[in-house]
Amino acid sequence: MKKIQMQTPLVEMDGDEMTRILWKIIKDELLLPYIDLNTEYYDLGLEYRNETDDQVTVDAAEATKKYGVAVKCATITPNKARMEEYTLKKMYKSPNGTIRAILDGTVFRAPIVVKGIEPCVKNWKKPITIARHAYGDVYKNTEMYIDGPGDAYLVFEGANGEQKKELIHHYDGAGVLQGMHNLDDSISSFARCCFSYALDTRQSIWLGAKDTISKIYDGRFKEIFATIYENEFKEKFEAAGIEYFYSFASCTSSSFSPIVARVMKAEGGFIWACKNYDGDVMSDMVSSAFGSLAMMTSVLVSPQGYYEYEAAHGTVQRHYYRHLKGEETSTNSVATIFAWTGALRKRGELDGNQELMNFADKLEQATLETIESGKMTKDLALITSLENVTVLNSKEFILAIRERLDEIL
Ligand code: NAP
Ligand code: MG
């Protein structure tokens, strides 16, 4: 069979631990036999990040700007234990954080839906994609413990000398205090990412905020989304037959709760745009409700149209330590495979490479059909509604997918 050619390189970011092991098997068994794989390789494994003082992460992000599409393996975010384990020169920042800061993107997370792994919300038939605004709010807060009576103020000192001051609270006794912020620029690029991704994937987009309570702060999200929608996306949405839904339309007293009610009763197939904290909480809820973190994909989309695909889970450290001891592992490679297919399909789309897009579809199909035929890793075997299941180890599962792929290609 003639291998599929690629015109433009894909930015390949290798990673750590068990997912690094899976990465190589996926390439060897599911990609290289079929594709003349054209990638620009960056080793984001912690050892090489340390060797390059993390320059490799910056280079990989810059390469993503150059070529447009990247695929990333899960990576370790160093903490104190990792400093010792890898004798690191310093506690490097999370690679995802570094890449996100350079690409200025929004992260979209979607569950991979497969027969036999039923969501616990029984009317959810299609994936629900969470778009999390990954800037500001409580994640960049300033907080204080107040240990006695006094007055707390919100003060802004303008560069032009103008001052604004509002009483937050008069404390009669001890309590807590917090300040947080967001930026028009960041909210605007979040809105543009959301609307573009909605168009790209032909799904409607829902935004929930609490502007009835937080008239200025959450209200700003609502205003910016509405303005950008009206001016830049409304016609395209109408032509595509999708909608932008803001939750105030269904309720006047509270905006976040009606959207939750609407989500719970929906059948899925839409994007839920969330403020930073809501997105953090709701993506965990959605992924566990759909079955497993190992079945969740993640894509970073920048407002300029750069894409970085990865699995939502981490490096599966516990399995890796077992692997190092020579023990068998049954680690689920589905989300990592879907990171590759997502990236290959997008590359194909941008290059007009239909063969590459078809291959991505077939590989996804082969992966899902392998599970539906009862062959799966242990994490899925524990939650499946299928009977007569065969639990495979990490490599056997990938080989079973290859067998199915050869049948359908
Ligand atoms: P994790 O790698 O997501 O794994 C947590 C647990 O979830 C595993 O121990 C395993 O449970 C289960 N699990 C996750 N993915 C699985 C898969 N593919 N197949 C089967 N089971 C799976 O999270 P972590 O152990 O907290 O973090 C490990 C490292 O990953 C950390 O250094 C962290 O910094 C990094 N991390 C990276 C990313 C990223 O690059 N995007 C994201 C999150 C975390 P059992 O052990 O019960 O089988
Ligand atoms: Mg991740």
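Order of listing sets the numbers, starting from 1, for every ligand and every atom in it. Keep in mind that what you see is a predicted model, and the values were worked out from it rather than measured.
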Is it the case that the side chains of [Y] and [X] hold a donor-acceptor pair, with the cut-off being a distance below 3.5 Å and no angle test?
X	Y	value
Asp14	Tyr41	yes
Glu143	Asn141	yes
Glu243	Ser204	no

Side-chain donor or acceptor of Ser214 paired with backbone N/O of Asp211 under 3.5 Å: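 Checking the backbone N and O of Asp211 against the side chain of Ser214, no donor-acceptor pair under 3.5 Å is found.
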With backbone taken as N, CA, C and O and side chain as the heavy atoms from C-beta onward, which portion of [X] lies under 4.0 Å from ligand 1: side chain, backbone, both, or neither?
X	value
Arg82	side chain
Asn96	side chain
Met18	neither
His313	both

Any N or O on [X] sitting closer than 3.5 Å to an N or O of ligand 1?
X	value
Thr315	yes
Ser330	no
Asn332	yes

Option of least heavy-atom distance to atom 10 (C) of ligand 1 (set: His319, Arg318, Lys72, Met296):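 Looking at heavy atoms only, His319 sits closest to atom 10 (C) of ligand 1.
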Of the listed options Gly314, Cys73, Ala335, Pro95, closest to atom 44 (C) of ligand 1 (non-hydrogen atoms):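 That would be Gly314.
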Heavy-atom closest contact ([X] atom, [Y] atom, distance):
X	Y	result
Gly136	Asn276	O-ND2, 3.1 Å
Leu386	Glu372	CD1-O, 3.7 Å
Pro95	Ile76	CD-O, 4.0 Å

With Ser330 via side-chain hydrogen bond (donor to acceptor under 3.5 Å, both in side chains) - residues at least two apart: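 For Ser330 there are no side-chain hydrogen bond (donor to acceptor under 3.5 Å, both in side chains) partners, ignoring immediate neighbours.
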Hey, which atoms in ligand 1 end up nearer than 4.0 Å to a heavy atom of [X]?
X	answer
Ala74	40 (O)
Thr77	32 (O), 34 (O)
Thr331	17 (C), 18 (N), 19 (N)
Ala294	16 (C), 17 (C), 18 (N), 19 (N)

Enclosure of Lys89 NZ (heavy-atom neighbours >12, cutoff 6.0 Å):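 Correct, the count exceeds 12.
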